[in-house]
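Reminder, nothing fancy here: chain letters follow the sequence lines and each chain counts from 1.
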There are 2 protein chains.
Amino acid sequence: MATIRDVAKLAGVSVATVSRVINQNGYVTKDTEQKVRKVIELLHYEPNAVARGLAGKQTGTIAFILPDISNPFFPEVARAVEDVAQAHGYTVILCNSDDEGHKERSYIEVLKKKYIDGIIFASNTMGQEDMQKLYHIDDLPVVALDRAPTNQTCSVIRSKNYAGAQMAVNHLLSIGCRKIAHIYGPPQFVTARERLAGYQELVKKFPWYSPDLMVPGNFHLDGGMKAAEQLLRAHPDVDGIFAGNDLMALGALKTMSRLGIRVPEQISICGFDGIALTAVTEPELTTIAQPIYEMGATAARVLIEKIQGNDTNAQEYELEVELVERGTTRKKVT
Amino acid sequence: MATIRDVAKLAGVSVATVSRVINQNGYVTKDTEQKVRKVIELLHYEPNAVARGLAGKQTGTIAFILPDISNPFFPEVARAVEDVAQAHGYTVILCNSDDEGHKERSYIEVLKKKYIDGIIFASNTMGQEDMQKLYHIDDLPVVALDRAPTNQTCSVIRSKNYAGAQMAVNHLLSIGCRKIAHIYGPPQFVTARERLAGYQELVKKFPWYSPDLMVPGNFHLDGGMKAAEQLLRAHPDVDGIFAGNDLMALGALKTMSRLGIRVPEQISICGFDGIALTAVTEPELTTIAQPIYEMGATAARVLIEKIQGNDTNAQEYELEVELVERGTTRKKVT
DNA sequence: AACGAATATGTAACCGGTTACAGATAAAAG
DNA sequence: CTTTTATCTGTAACCGGTTACATATTCGTT
């Protein structure tokens, strides 16, 4: 592999000049530039990214720290992040944290040593102070996904969970549901809390409202299944279920199927997230779709903006959600 | 951030000695070692990975190039790769190639410039020559996933597609199916070809065998749906479907559901891969499960072996598959 | 004609490690 | 008590770029 000095020597110029040509900065005559480019071509010279990183402290690499890429919500986000990064000449490092603080921290240590340019952070457990510490210690650009907005220097990408939950409930009401339950996710997740709050605020005024219409789930398939069973045992007359995410909604759907309860005729189900899996079942799942790809893409775009110096202040990007009406909810004939 | 020279100065030794302590190579007295470690602790010194990379040409980073992380088969593989890498102190760069040669090549260019230590390559399009070229040009360790074995220096991780296909067909036969069709994946995929071959070899001896029992799919949900429709139109008496992968099997299941055909009573369906999605539907999908996680983990382990110098020769790792019997196939009562 | 500003290029230090080589000391061998 | 060998440590070159600073040349001004 040719080095910048090889190029300089053969072109009869200094390394500084070659560097200027490569980076298109500083003054270089058209003539010398041509000469240098010829030699670069000739030697198939490619600047060494590591040396560049060492000298310039920028490696063209960002990290995406997420709980678990196996969770069906994340692949699409990761894809978006990578697409945008790639388009801007960045490379993406993937880190699975399992939402464990120590893993997150250990990743961050390693990444800092590698002169990573920035981090997209999807975590439900890492406290605000940690984020702040992370950010302030060495002002590494950070963008958070799905976290409560803070007044820190870290931007946040999220979507309208509260409003989305109300869209879900309103939709169930509009098709004639008379008693709507909610399966909520782990309370330490902001998203779960917001969706629960949206549900509760809207239904508490109804005569049928009861606190035990809200049952806990774990944001996974099995949690949704169990929650649905429990729910039906306590309230056999429930005719609408709003689940805190799609996986739990699919779990509920599965339980219905097993118990021989027809969906949507007897019970309507609405999920939240809009992951691809919702199109796999029959009937397909009605859901409040987040712009998943867009969330990842926005996170990457904002991060890169930060890295490149513009947009230094924290900002919150709250994206719209959308009701995707499908087979698990249908207007009831009266 | 403290540098190795800061440590050396404060400890009253040379940088070489500090380096020896960090890397545990060369001779260092217990005394000096203690002294140096004290100072390292004191200054919170962390060796700079980029400088290390430049000097040592090893960055502790591997790349995983795959078609698309959104494809439900890959997240689990990626998770495995990352887990193993992480455990060995490596970091993983994720690259989505969409199976397009030019993207693959452009990634490889970038990655080489970044002194990546090795590559795990899951591609269906890149020719053998390309692999060879890639490998021979600068002997970068490479492990391939799901490719035909070659006599190159590149190891391959795969599973028993041919035998697995026969397991599927035998299972369908054993539960009493009389006419079994196959939905196959894109012929440019080795996996698709092998599964097709396994099916064909086994069924061609039956009187009901007919070439148009093999219909093409695209390895996606919609392809499976369309193929199933097409199939039933031509052969309404088919009572067993073996799909080349789970997504297509789920598509077929969906079609059955829409047409009001009961599964498994009227038609049994068996998929291939064993992705998590197969547990979402009701009935759950019977499938020939590959050890998906194990494949990723093996790939990572083999790659790291190669990187660390041992195991320089190409090898093929053919992993076992397993029949997971579930709701979409059931013994027929006669 | 004189002069400051803009343009063009080179020298050398620097980023922060690794490591070949050499010199010094201590232990083992003859 | 030498000589050989193993152990310990330091100096300085090197990895391959970037960039501050110095110097030289070319313009546009007055």
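In this structure B/K35 satisfies the salt bridge (Lys or Arg N to Asp or Glu O under 4.0 Å) test with no other residue, sequence neighbours excluded. B/R37 pairs by the side chain to side chain donor-acceptor pair (under 3.5 Å) definition with B/E33, not counting sequence neighbours. For B/E100, the side chain to side chain donor-acceptor pair (under 3.5 Å) criterion is met by B/H102, not counting sequence neighbours. A/Y293 meets the side chain to side chain donor-acceptor pair (under 3.5 Å) test with A/D83; sequence neighbours excluded. For A/A276, the side-chain contact (heavy atoms from CB on, under 4.5 Å) test picks out no residue, with sequence neighbours left out. Residues passing the side-chain contact (heavy atoms from CB on, under 4.5 Å) test with A/A87, sequence neighbours excluded: none. Every residue was checked against the side chain to side chain donor-acceptor pair (under 3.5 Å) condition with A/Q58, not counting sequence neighbours, and none meets it.
Between its opening and closing five pairs, the helix from C/dA1-D/dT30 to C/dG30-D/dC1 changes axis direction by 40°, a value rounded to 10 degrees.
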In B/S/- notation (B base, S sugar-phosphate only, - none; protein heavy atoms under 4.0 Å), nucleotides 5-19 of chain C written 5' to 3' is --BBBBBB--BBBBB
